[in-house]
Amino acid sequence: DTITEFKEYDYDALMNEIGTVVNGLFQKNESYYGPKIKVIVERYLGKGKMVGETTPDQAELVSLILDDIKTELVENE
């Protein structure tokens, strides 16, 4: 028996957190962080896509984007 762990994602909370994190980075240096954030978002959503276009069904992707932004941009600064 394999138990598949289903992780529940709170889409609204994720969107609030990603907004806070991104705004913080933009306040530091938007021209530096903007392109880097875009690369991370497009890695999961595809070229030209934005987090604001996601739906609650894509909460897991938003979570992965948030994790990468934190790991690659916030923790390394």
Side-chain angles (χ1 to χ4, degrees):
D1 282 338
T2 304
I3 298 172
T4 304
E5 185 179 321
F6 179 75
K7 188 172 178 188
E8 196 63 46
Y9 295 93
D10 183 337
Y11 179 76
D12 292 331
L14 287 168
M15 291 300 283
N16 284 335
E17 186 176 355
I18 205 166
T20 301
V21 171
V22 168
N23 285 336
L25 292 172
F26 276 7
Q27 285 176 1
K28 284 185 191 175
N29 188 343
E30 185 170 353
S31 60
Y32 175 78
Y33 287 111
K36 295 178 178 303
I37 292 168
K38 184 177 180 197
V39 166
I40 293 171
V41 170
E42 290 183 346
R43 180 183 305 159
Y44 291 100
L45 301 180
K47 191 158 179 62
K49 300 293 185 189
M50 300 170 74
V51 173
E53 299 172 316
T54 60
T55 66
D57 290 341
Q58 294 172 297
E60 184 175 2
L61 291 176
V62 176
S63 177
L64 293 169
I65 291 166
L66 179 59
D67 288 345
D68 279 9
I69 290 172
K70 286 179 176 177
T71 303
E72 295 175 29
L73 303 180
V74 177
E75 292 172 10
N76 289 329
E77 289 306 311

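What you see is a predicted model, and the numbers here were worked out from it, not measured in a lab.
Of the inter-residue distances, the one linking Thr71 atom OG1 with Leu66 atom CG reads 9.0 Å to the nearest 0.5 angstrom. Separation of atoms CG (Leu64) and CD (Gln58) is listed at 11.5 Å; rounding is to 0.5 Å.
For the side chain to side chain donor-acceptor pair (under 3.5 Å) test, no residue two or more places apart in sequence or in another chain qualifies with Asp67. Asp57 is linked by a side chain to side chain donor-acceptor pair (under 3.5 Å) to nothing, counting only residues two or more places apart in sequence or in another chain. Remark: Thr20 engages no residue in a side chain to side chain donor-acceptor pair (under 3.5 Å) (not counting sequence neighbours). With sequence neighbours left out, the side chain to side chain donor-acceptor pair (under 3.5 Å) criterion links Tyr9 to no other residue.
The shortest side-chain heavy-atom distance between Leu25 and Ile69 falls under the 4.5 Å cut-off. You'll find the side chain of Met50 stays beyond 4.5 Å of the side chain of Leu45, heavy atoms only.
The minimum heavy-atom distance between Phe26 and Tyr33, with the atom names listed, is CE1-C, 4.3 Å. Looking at every heavy atom in both residues, Gly52 comes nearest to Met15 through CA-CE, 4.2 Å. The two residues Ala59 and Leu14 have their closest heavy-atom pair at O-CD1, 3.4 Å.
Annotation: salt bridge (Lys or Arg N to Asp or Glu O under 4.0 Å) contacts involving residues 12-25, sequence neighbours excluded, comprise Glu17-Lys70. Listed by first and then second residue, the side-chain hydrogen bond (donor to acceptor under 3.5 Å, both in side chains) pairs that reach into residues 42-56 are Tyr11-Thr54, Arg43-Asp68, Arg43-Glu72, Tyr44-Asp68, sequence neighbours excluded.
No path of Ile, Leu, Val, Met, Phe, Trp and Tyr side chains, each step under 4.5 Å between heavy atoms, connects Val62 with Val39, placing them in separate hydrophobic clusters.
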